[in-house]
Amino acid sequence: MNKAAKITISVIAGLLLVAVIVLLTISQRVAMNPAGTVGNTAGNLNNDGLFCEYDGTVYFYNTFPDGGLFAMNPDESDIRRINGLEVRNILAGGKYLYYFHTGSSAIATDFGNALGIKSFQRSRLDGSNTESLTNDIVVTGQLVNNYLYLLTSTNAGPSFYKLKIDNTDQVILADYLINPACAENGTIYYNGTRGDHYLYSLDTATDVSHEIWRGNIWYPILEGDYIYYMDVANDYRICRYSRSQDVIEVLTQDRADCFNVGGGYIYYQKNGADAKLMCMRTDGTDAKPIADGNYTKINMTSQYVYFQEFGDDSTLYHSPLGSGSYEVFHGASEAAR
């Protein structure tokens, strides 16, 4: 082989190496989200974010033994395991899932899990390419466009900050409680926690907050023109506020421990001696009991509502939206085997 041929081969090899490096760099680059992306519903996130429906798939934490993070169709068919981690605050958008790993796992999958390290993680929708974004204790988090808005608990107190989905550009926004669960069109709506419970908005394009309405509210959920909320001044009954008409409607006089809104229905836990899980339409009509006793972690998808009995973290119940009956979600236990 002459000298010219050797040079040619060396140049080709060098170009191939550069091409491989470029392809690897591109493949590892985090793809940005389409405008208007929101990671999960406010109602689900206010109930631990155990379910998240995105682009025709429901991602959920399977509470049964040997469970973990699973996926299925909205009709509960094709249930499959994504990983064996114990998670909450599930978010989805673009090509990725986000969730808070509590440090426990049904199946020891790596050294970090065995050590019980808590972390907020990003993975592809199929669970691959997992990356830890922060080891802070995430109380509540939301995905808005290309940023994660995280309320975290630290030794010094709460911290609320935003973090770009590629794990860059972290900006601290507040050193007090801001719940980012309720978001729409690039705006986060939250109730005050410092001296009042007014409704505020945070413009995520400018990181500037504004007072919206001087209500006395907790856990706002935005549905169309209405803000649904727990009425702090009146024993946490559920009301809704029309933004266009500036009118309050009382939907129930029951004291609610938790609630969720979706698909034309409100599900809430009625507190007191006659405790029960209740369902009513979003205008407060057709109220009916679903289950006697104390229930919590009410999560909703487009077809079902899921919940757990207070004090029993291992059993999931489900009910078709609007139905008056419920049963154990056996599909979750069978899928975990």
Side-chain angles (χ1 to χ4, degrees), residues 23-34 36-41 44-45 48-64 66-74 78-152 161-170 180-181 183 299 301 306 332 335-336:
L23 287 173
L24 286 173
T25 301
I26 293 174
S27 67
Q28 294 175 358
R29 185 179 301 160
V30 175
M32 295 294 106
N33 294 322
T37 294
V38 173
N40 201 344
T41 65
N44 283 353
L45 293 176
D48 270 11
L50 302 182
F51 283 74
C52 176
E53 184 169 347
Y54 175 70
D55 197 23
T57 299
V58 173
Y59 302 93
F60 69 101
Y61 173 59
N62 190 342
T63 62
F64 284 89
D66 298 326
L69 180 59
F70 279 63
M72 64 180 176
N73 296 330
D78 190 24
I79 302 177
R80 63 267 188 198
R81 187 195 301 273
I82 291 179
N83 61 43
L85 303 181
E86 181 179 298
V87 304
R88 58 178 173 80
N89 206 107
I90 303 170
L91 308 170
K95 296 183 177 181
Y96 303 101
L97 284 175
Y98 307 83
Y99 47 84
F100 181 64
H101 169 34
T102 65
S104 299
S105 61
I107 301 173
T109 54
D110 57 40
F111 186 67
N113 295 337
L115 287 177
I117 298 174
K118 296 177 173 63
S119 63
F120 195 83
Q121 300 184 356
R122 184 195 67 231
S123 74
R124 292 192 176 272
L125 295 175
D126 62 2
S128 62
N129 295 87
T130 301
E131 179 181 344
S132 175
L133 302 181
T134 177
N135 292 123
D136 291 339
I137 305 300
V138 174
V139 178
T140 309
Q142 180 61 286
L143 171 66
V144 182
N145 295 324
N146 293 310
Y147 282 86
L148 294 158
Y149 289 80
L150 304 177
L151 173 62
T152 65
Y161 61 85
K162 70 176 186 179
L163 177 69
K164 201 166 186 180
I165 61 173
D166 61 2
N167 207 15
T168 64
D169 194 22
Q170 179 175 330
N299 280 246
T301 66
Y306 299 87

Engineer: What pair of heavy atoms forms the shortest contact from G36 to N145, and how long is it?
Structural biologist: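 Between these two residues, the closest heavy atoms are N-OD1, 2.7 Å.
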Engineer: To the nearest 0.5 Å, how far apart are CG in D126 and CD1 in I82?
Structural biologist: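 Between D126 CG and I82 CD1, I get 7.5 Å after rounding to 0.5 Å.
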Engineer: Any idea which heavy atoms bring I117 and H101 closest together, and the distance?
Structural biologist: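 Residues I117 and H101, closest heavy atoms: O-CD2, 3.6 Å.
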Engineer: Starting at CG of N146, measure out to OG1 of T168 and round the result to the nearest 0.5 Å.
Structural biologist: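 Going from the CG atom of N146 to the OG1 atom of T168 covers 10.0 Å.
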Engineer: If you look at every heavy atom in F60 and I79, which pair is closest and at what distance?
Structural biologist: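 Taking F60 first and I79 second, the nearest heavy atoms are CZ-CG2, 4.1 Å.
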Engineer: Would you please say whether a donor-acceptor pair under 3.5 Å links the side chains of Q121 and T130?
Structural biologist: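 Result is no, nothing qualifies.
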Engineer: Less than 4.5 Å apart, side chain to side chain, heavy atoms only: is that true for Y54 and T37?
Structural biologist: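 Sidechains of T37 and Y54: no contact.
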Engineer: Could you tell me which non-hydrogen atom of P74 sits nearest to which non-hydrogen atom of E53, and how far apart they are?
Structural biologist: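 Heavy atoms only, the tightest pair is CG-OE2, 3.5 Å.
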Engineer: Just how far is it from atom CG of N62 to atom CG of L85, taken to the nearest 0.5 Å?
Structural biologist: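 Rounded to the nearest 0.5 Å, the CG-CG separation comes to 13.0 Å.
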Engineer: Could you check whether Y147 and D169, counting side-chain N and O atoms only, form a donor-acceptor pair closer than 3.5 Å?
Structural biologist: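 Judged by distance alone, the side chains do pair up.
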Engineer: So, using side-chain hydrogen bond (donor to acceptor under 3.5 Å, both in side chains) as the criterion, who are the partners of E131 when residues are at least two apart?
Structural biologist: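 With neighbours one apart ignored, the set is R122.
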Engineer: Apply the side-chain contact (heavy atoms from CB on, under 4.5 Å) test between T301 and each candidate in V58, T41, N44; give the one that qualifies.
Structural biologist: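 So, applying the side-chain contact (heavy atoms from CB on, under 4.5 Å) to T301 and each of V58, T41, N44, only V58 qualifies.
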Engineer: Under 4.5 Å between any side-chain heavy atoms of Y99 and N83, yes or no?
Structural biologist: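 Counting from C-beta outward, Y99 and N83 do come under 4.5 Å.
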Engineer: For residues T140 and A181, report the shortest heavy-atom separation together with the two atoms involved.
Structural biologist: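 Distance-wise, the nearest heavy atoms are CG2-CB, 4.3 Å.
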Engineer: What closest approach, in Å, do Q142 and L45 show between heavy atoms, and which atom pair accounts for it?
Structural biologist: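 For Q142 and L45, the tightest heavy-atom pair comes out as NE2-CD1, 3.4 Å.
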Engineer: Flag the pair Y98 / L148 as yes when at least one side-chain heavy-atom distance between them is below 4.5 Å, and no otherwise.
Structural biologist: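 Y98 reaches L148 side chain to side chain.
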Engineer: Between C52 and N40, is there a side-chain heavy-atom distance shorter than 4.5 Å?
Structural biologist: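 SC-SC contact between N40 and C52 confirmed.
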Engineer: Quick one: does F100's side chain get under 4.5 Å of L150's, heavy atoms only?
Structural biologist: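 A side-chain contact under 4.5 Å is absent here.
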Engineer: Taking side chain as C-beta onward, heavy atoms only, is D55 less than 4.5 Å from L125?
Structural biologist: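 The answer is no, as the side chains (C-beta and beyond) never meet within the 4.5 Å cut-off.
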Engineer: Hey, are the side chains of N167 and L133 touching, using non-hydrogen atoms and a 4.5 Å cut-off?
Structural biologist: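 The answer is yes; the side chains approach within 4.5 Å.
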Engineer: So do N129 and Y96 actually touch side chain to side chain, heavy atoms under 4.5 Å?
Structural biologist: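 A side-chain contact is absent here, since even the closest heavy-atom pair is not under 4.5 Å.
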Engineer: Working to the nearest 0.5 angstrom, can you tell me the gap between D48 CG and I90 CD1?
Structural biologist: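 With rounding to 0.5 Å, CG (D48) is 10.0 Å from CD1 (I90).
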Engineer: For residues D136 and Y161, is any side-chain donor paired with an opposing acceptor at under 3.5 Å?
Structural biologist: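 Note: D136 and Y161 side chains meet the donor-acceptor criterion.
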Engineer: Using 0.5 Å steps for rounding, measure from the CG atom of L69 to the CG atom of L97.
Structural biologist: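 Separation between the atoms: 6.0 Å.
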Engineer: Counting distance only, does the side-chain N/O of R81 pair as donor-acceptor with the main-chain N or O of G67 below 3.5 Å?
Structural biologist: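 Looks like yes, one N/O pair under 3.5 Å.
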Engineer: Would you check if the side chain of N135 reaches a backbone N or O of K118 as a donor-acceptor pair within less than 3.5 Å?
Structural biologist: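 Yes: the side chain of N135 pairs with the backbone of K118.
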Engineer: Using the side chain to side chain contact (heavy atoms under 4.5 Å, CB included) rule, take I137 and T152 through it: C-alpha gap first, then chi angles, then the decisive distance, then the call.
Structural biologist: CA-CA 5 Å; I137 305 300; T152 65; 5.8 Å; no
Engineer: CD of Q170 to NZ of K162: how many Å apart, nearest 0.5 Å?
Structural biologist: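 Output value for this atom pair is 11.0 Å.
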